[in-house]
Amino acid sequence: MIAITHEPIDPFRFIESAKRPETGGIVTFIGTVRDDGIEALELDVCEEVALSDLRKIAEQASSDYHLNTVDIIHRVGRMQLTETIVVIVVGASHRQEGFAACSWILEQIKEFVPIWKKDICKNGESWHFTK
Amino acid sequence: MKVTIRCYARFRDAFGEEQEIDLPPGSTVRDAVITLAKTGPDAELLVDDAQNIRSYVMIMYHDERISPIDAGLITLADGDLIILFPPVSGG
């Protein structure tokens, strides 16, 4: 599944559904809200473009790393500390391709998918903005 | 002619979610971004002192990403939509 959601994500559902006879390893990345002195995190998205980008990333990863399954679920909206922001689950025949694919997918998301984090603090709010 | 510029995240806070701007015929995407920049106090977020679009600005035009460097080469039509993304921070 490739999705953007406002609801909490259950990663175990996607791990379980990634099991295949031809799959020897399921690599999962779970991104969570870290306490950098914030109270909460708010994520904005251009959903139409982001969803299209995530689908293209998944297709590319499947092809380049010979994956059997790919799931990318990104949450947007307001999240509290420790809540799950993103789940990436890849099913591969061999571990090397699974680890490499999962890492590559995350870096692609961070490079160009139109999703933005805003820190919510006691004293105000500020966008993550790295020029 | 009129074109619409839609902004997200940090850019939306500075320039509003969506603005319709008037431009003379033959104007480019770069002209539109410069015009938008002048509408707010944070023009330097979008353009530098030489009125070049900042390299980190992601521009969507006709469902395609275009480089800030190429923005001066693309001529707009009446009713066009330009979307501006600040640097992303998902994942």
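Reckoned from all heavy atoms, side chains included, excluding hydrogens, waters and symmetry mates. Here is the naming used below: chain letters follow the sequence lines, and residue numbers restart at 1 for every chain. As the structure is a prediction and not an experimental result, all values here were calculated from the model.
- Residue with the most contacts toward chain B among A:Cys46, A:Ala50, A:Ser126, A:Gly31: A:Cys46 (heavy-atom pairs, distance under 4.5 Å).
- The two atoms that bring A:Ile85 and B:Gly91 nearest to each other are CG2-O, 3.9 Å, heavy atoms only.
- Hydrophobic clustering keeps A:Ile9 apart from A:Ile88 (ILVMFWY residues linked when any side-chain heavy atoms are closer than 4.5 Å, directly or through intermediates).
- Each of A:His128, A:Glu42, A:Arg75, A:Lys110 has some count of heavy-atom pairs under 4.5 Å with chain B, and the biggest count is that of A:Lys110.
- Hydrophobic clustering (ILVMFWY, side-chain heavy atoms < 4.5 Å, transitive): A:Leu54 and A:Val76 are in one cluster.
- Both A:Leu51 and A:Val86 belong to a common hydrophobic cluster when Ile, Leu, Val, Met, Phe, Trp and Tyr are linked at side-chain heavy-atom distances under 4.5 angstrom.
- Between chain B and the options A:Ile105, A:Val49, A:Ile109, heavy-atom pairs under 4.5 Å are most frequent for A:Val49.
- When each of A:Phe129, A:Trp116, A:Trp127, A:Phe112 is paired with B:Phe85, the ring-ring contact (aromatic ring centres under 6.0 Å, His included) condition holds for A:Trp116 and for no other.
- Two different hydrophobic clusters hold A:Tyr65 and A:Ile26 under the rule that ILVMFWY side chains link at heavy-atom gaps under 4.5 Å.
- Across B:Tyr8 and A:Asp44, no two heavy atoms sit closer than the pair CD2-OD2, 4.1 Å.
- By the rule that hydrophobic residues join a cluster once side-chain heavy atoms approach within less than 4.5 Å of another member, B:Met58 and B:Leu81 end up as members of one cluster.
- Neither the backbone nor the side chain of B:Arg54 comes within contact range of chain A, judged by heavy atoms closer than 4.5 Å.
- Within the 4.5 angstrom heavy-atom criterion, only backbone atoms of A:Val45 (N, CA, C, O) approach chain B.
- A:Asp53 and B:Arg65 are joined by a salt bridge, as a carboxylate oxygen and a charged side-chain nitrogen come within less than 4.0 angstrom of each other.
- In this structure, the side chains of B:Val88 and A:Glu111 stay at 4.5 Å or more apart for every pair of heavy atoms.
- No more than 12 heavy-atom neighbours from other residues, nucleotides or ligands sit within 6.0 angstrom of CD1 on B:Ile69.
- The number of heavy-atom neighbours closer than 6.0 Å to CG of B:Asp63, taken from other residues, nucleotides and ligands shown, is 12 or below.
- For the pair B:Asp13/A:Glu125, no side-chain contact is recorded, criterion being any heavy-atom separation below 4.5 Å from C-beta on.
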